[in-house]
Amino acid sequence: MAYKYDDENIFAKILRGEIPNDTVLENEYALAFRDINPQRPHHVLIIPKGRYVSFDHFAKEAADDQIIGYIQAIGAVCDLLNVSIDNGDGFRMIANSGQHGVQEVPHLHVHILGGSSCGKMIQS
Ligand code: DGP
């Protein structure tokens with residue numbers, strides 16, 4: 001079954017400049033901005049500029065340069081936030097996907113959470 005991308009999702013509107021955002025970093029392939037409802041002192045969302053619903057969609061259908069540009073943006077954001085484990089205290093990266101992943105916005109995004117402990121990954 002083909003992935004269906006909704007051009008009216010909130011992050012598509014952010015990419016088109018129709019909704020403001022608190023940008024942390026932008027490159028040719030990705031935009032990173034602060035989450036509107038931060039769950040940790042640092043909570044940044046990183047989205048590709050292409051029309052991808054989820055990480056699996058991106059992994060299967062994105063071009064190599066899009067994948068490289070997106071992953072490099074993630075690394076650069078970790079440096080900007082000082083959460084990289086080479087000189088910081090680490091972070092959690094989350095990519096909620098689809099119904100069981102409880103994804104609210106259907107445009108691929110990873111959450112970078114840091115600045116305090118994120119606790120256990122899944123509460124039992
Ligand atoms: P997820 O469940 O992974 O799809 O999380 C979506 C996140 O997007 C959630 O943490 C809140 C955030 N969010 C939703 N709308 C906006 C918005 O308009 N601006 C910003 N900056 N973040 C938003």
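These numbers come from the heavy atoms of this one structure, side chains and all, not from hydrogens, waters or symmetry mates. We count ligands from 1, going down the list as the structure has it; atoms in each ligand are counted the same way.
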Taking it one step at a time, do Glu28 and Lys49 satisfy salt bridge (Lys or Arg N to Asp or Glu O under 4.0 Å)? CA-CA 8 Å; Glu28 185 182 349; Lys49 291 188 174 177; over 6 Å; no
I'd like to know if the side chain of His109 and the backbone of His107 have a donor-acceptor N/O pair within less than 3.5 Å. yes
Step-by-step salt bridge (Lys or Arg N to Asp or Glu O under 4.0 Å) determination, Glu61 to Arg51: CA-CA 10 Å; Glu61 297 188 7; Arg51 298 168 72 257; over 6 Å; no
Would you be so kind as to tabulate the donor-acceptor pairs closer than 3.5 Å made by side chains of residues 75-85, with sequence neighbours excluded?
residue	atom	partner	partner atom	Å
Asp79	OD1	Ser84	OG	2.9

Parallel, tilted or perpendicular: ring planes of Phe55 versus Tyr70, cut at 30 and 60 degrees: tilted
Parallel, tilted or perpendicular, as decided by the 30° and 60° cut-offs, for the rings of Tyr52 and Phe58: perpendicular
Show me a pair-per-line table, with atom names and distances to 0.1 Å, of protein N or O atoms that are under 3.5 Å from an N or O of ligand 1.
residue	atom	partner	partner atom	Å
ligand 1	2 (O)	Val102	O	3.2
ligand 1	2 (O)	Glu104	N	3.3
ligand 1	3 (O)	Asn96	ND2	2.9
ligand 1	3 (O)	His109	NE2	2.8
ligand 1	3 (O)	His111	NE2	2.8
ligand 1	4 (O)	Glu104	N	2.7
ligand 1	4 (O)	Val105	N	3.0
ligand 1	4 (O)	His109	NE2	2.9
ligand 1	5 (O)	His109	NE2	3.4
ligand 1	5 (O)	His111	NE2	3.4
ligand 1	10 (O)	Asp35	OD1	3.2
ligand 1	10 (O)	Asp35	OD2	2.5
ligand 1	21 (N)	Arg34	O	2.9
ligand 1	21 (N)	Ile36	N	3.4
ligand 1	22 (N)	Ile36	N	3.2

